Amino acid sequence: MAGRLAVDLYCSICCEIFKDPVVLKCSHSFCKSCLQQYWCRRGVNRDCPLCRKQSVDEPVPSLTLRNLCESYALHKSEEQQEEEDLSEPLSELDQATEMCLLHGERLKLYCLVDKEPICVVCHTSKKHKWHDCCPVSEAVAEVKEKMASAVSLLQEKRNTFDQMRKSYEDNMAHIQFQARFVERRTREEFERLHNFLQAEEEVRMEALRGEEEQKCAEIRQKLEEMERKMASVSTSIKALEEEMELENIPLLCRCQDTPTRTESEGEDSAMDPVSLISVAEHVGSLAFNVWKKMRTIIKYTPVILDPNTAAPWLVLSDDLTSVCDSDQKQQLPDNPERFNPDTAVLGHVGFTSGKYAWDVNVGENTAWVVGVAKESVKRKEKVSSVLMNGFLCMYFYHQMYFAGTSPLTRLAVKSNPQKIRVLLDCDKGRVSFYNTHDNAHIYTFKHAITEKVFPYFWVGCQKFPLAVDPQEVSVMAVEYC
């Protein structure tokens, strides 16, 4: 109201506060001098500058409006003085910014339609006369409120970005940790293979050296025997040559035993067979034979646990074949595939078709779940591991066995199995569980496999791990008839 009243105290001709205001019959007011000048320019046409109605009578002075203008002018002067006293002096640029370029008045109003600051004279102009306006202070307060809201949103975004940055940094640190772990495990495995191959090489070299020494010793023995025979023959030759020098009767007497002596010296003259080194036995299919022997140190586990899916409370073995619960949460990235808070872990490889089997050593573990889980199972919220949630599993807790149906089905297991065999037939939609001790059937799910499923392990015992048993490795050559 105060803003509107201030606007009504300005002459629409000179845009200044009324001086000697007069009022026409149409109720419009003007400065007396401004109206006279306007009529002088119009000639005989004495119309109202605003509504264009003809005015025959002389304009009437408005004492009330004059008093209001004088009071407003005095109040305005005092208000400006207070502003000058309370505020710092504005620079020339600031003063120019605060002033209306058209009318030289302070910009005290804000046009809500055109979104620009205006003076009180601008408010009476045709451009802004019918526009909603508010004091500049209110507009500034509203703008500051919007800016504060924007700052708050930007701060939230910055905090989100900061959390994402920290998450990326944590992921990078964990990736580096994983790389060092894989490097260490790879070097250990290759070192074990190198040691085996070096030991196998030494065994084979020792066998070769032993065979070489044995065969050479046999040849040396034959050579020594041959030397003795050659010496004996040489002696006989020398004796015969001496007898050949005799004449007449003595020669005839000596030559009677010559054939016998000759036969006795030559009865072993044939060369004995020599046994050579069996080269084919040493180098034939060498790599294949070594490979077969490596079965003693190489283990094949049908299911390898995926550490990227393991809950932070689980501890996996270095070879990723066993898992145990713990009371200490590890600092691991909360990546999308990781179970949290459920203490579960998946196998590394998923299946959509074919038949698969693996044995899980549950031992004395007091709380466990084994089976398969669909790829789409919820991993970031604690849910009951039942059929409707994508789990096809067998449970053991509170000394009771259950099948993960909805509701849970209690199973009648005659003896506590130490090992559970899981048989998965994706094509027929079957997941079966057996006691590996006597191959006794425990339970079978009949559920169509419509998406990839992964071996699933849940463990709630810290003393005894769940372990996937290695399978027998067979190395054999295919013979063709």
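All residue numbers refer to positions in the sequence shown, counting from 1. Owing to the predicted nature of the structure, the values given are computational and were not obtained by experimental measurement.
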Note, Glu116 side chain near His128 side chain (heavy atom, < 4.5 Å): yes
Parallel, tilted or perpendicular, as decided by the 30° and 60° cut-offs, for the rings of Phe433 and Phe445: perpendicular
Side-chain (Arg338) to main-chain (Ala310) donor-acceptor, under 3.5 angstrom: yes
Backbone of Met294 reached by a side-chain donor or acceptor of Glu200 within 3.5 Å: no
Tyr456 and Phe339 aromatic ring geometry - parallel, tilted or perpendicular at 30°/60° bounds: perpendicular
Any donor-acceptor N/O pair, Thr309 side chain to Leu346 backbone, under 3.5 Å: yes
Short side-chain to backbone donor-acceptor contact, Asn159 and Gln155, under 3.5 Å: yes
Side chain to side chain, Val290 and Leu197, heavy atoms closer than 4.5 Å: yes
Nearest-0.5 Å distance that lies between atom OG in Ser167 and atom CZ in Arg165: 11.0 Å
Residue pair Tyr300 / Glu472, side-chain heavy-atom distance below 4.5 Å: no
Distance (rounded to the nearest 0.5 Å) between Lys452 NZ and Ser353 OG: 10.0 Å
Side-chain donor/acceptor of Thr235 to backbone N/O of Ala231, under 3.5 Å: yes
Point-to-point distance, once rounded to the nearest 0.5 Å, from CD1 of Ile449 to CG of Leu392: 5.5 Å
For the student: nearest non-hydrogen atoms of Lys463 and Cys324, plus distance: N-SG, 4.4 Å
Residues Lys166 and Asp170 bridged, charged N to O under 4.0 Å: yes
Heavy-atom closest pair, residues Pro302 and Trp358: CG-CB, 3.8 Å
Closest contact, heavy atoms only, Phe196 versus Thr296: CE1-OG1, 4.4 Å
Criterion side chain to side chain contact (heavy atoms under 4.5 Å, CB included) on Arg430 and Leu423, from CA distance to verdict: CA-CA 8 Å; Arg430 300 286 188 271; Leu423 297 181; over 6 Å; no
Trace of the salt bridge (Lys or Arg N to Asp or Glu O under 4.0 Å) decision for Arg184 with Glu188: CA-CA 6 Å; Arg184 176 178 62 82; Glu188 289 175 355; 3.0 Å; yes
Residue that, paired with Lys215, satisfies salt bridge (Lys or Arg N to Asp or Glu O under 4.0 Å) out of Glu211, Glu218, Glu213: Glu211
Aromatic plane relationship, Phe190 with His194 - under 30° parallel, 30 to 60° tilted, over 60° perpendicular: tilted
Straight-line distance of Leu411 CG to Met400 CE, nearest 0.5 Å: 11.5 Å
Gap between atom CG of Leu320 and atom CZ of Phe181 - 0.5 Å precision: 5.5 Å
Pairwise side-chain contact, Glu206 with Val203, heavy-atom cut-off 4.5 Å (strictly under): no
Derivation of the side chain to side chain contact (heavy atoms under 4.5 Å, CB included) call for Arg379 and Glu337: CA-CA 7 Å; Arg379 310 188 188 195; Glu337 61 267 34; 3.5 Å; yes
Check: Ser125 side chain, Cys122 main-chain N or O, donor-acceptor pair, under 3.5 Å: yes
Where Cys461 and Asn365 come nearest, the two heavy atoms and their spacing: CB-OD1, 3.3 Å
For Gly390 against Val377, the heavy-atom pair lying closest together: O-CG1, 3.5 Å
Atom pair SG (Cys111) and NZ (Lys127), whose distance is rounded to the nearest 0.5 Å: 8.0 Å
Side-chain touch Glu105/Met99, heavy atoms, less than 4.5 angstrom: no
Close side-chain approach of Ile304 and Val349, heavy atoms under 4.5 Å: no
Glu169 CD: over 12 foreign heavy atoms closer than 6.0 Å: yes
Exam field: side chain Asp306 to backbone Asn308, donor-acceptor pair closer than 3.5 Å: yes
Heavy atoms from other residues, nucleotides or ligands near CZ of Arg209 exceed 12 (cutoff 6.0 Å): yes
Expected output: side-chain Gln330 to main-chain Leu314 donor-acceptor under 3.5 Å: yes
Test side chain to side chain contact (heavy atoms under 4.5 Å, CB included) applied to Glu225 and Gln221, step by step: CA-CA 6 Å; Glu225 184 179 354; Gln221 183 179 359; 5.6 Å; no
Heavy-atom side-chain contact between Tyr434 and Pro417 under 4.5 Å: no
Partner set under salt bridge (Lys or Arg N to Asp or Glu O under 4.0 Å) for Asp359, not counting sequence neighbours: Arg421
Carboxylate-amine/guanidinium proximity below 4.0 Å for Arg180 and Glu183: yes
Neighbour count above 12 (heavy atom, 6.0 Å) for His282 NE2: yes
Ionic contact status for Glu189 with Arg192, cut-off 4.0 Å: yes
Heavy atoms from other residues, nucleotides or ligands near NZ of Lys380 exceed 12 (cutoff 6.0 Å): yes
Full working for side chain to side chain contact (heavy atoms under 4.5 Å, CB included) between Cys133 and Ile118: CA-CA 9 Å; Cys133 297; Ile118 61 175; 3.8 Å; yes
Side-chain donor or acceptor of Thr343 paired with backbone N/O of Val459 under 3.5 Å: yes
Within 6.0 angstrom of His174 NE2, more than 12 heavy atoms from elsewhere: yes
Least distance between heavy atoms, Ser432 atom then Thr444 atom: OG-OG1, 2.8 Å
Check: Trp368 and Met394 side chains under 4.5 Å, non-hydrogen atoms: yes
Under 3.5 Å: donor-acceptor pair, side chain of Asn289, backbone of Gly284: yes
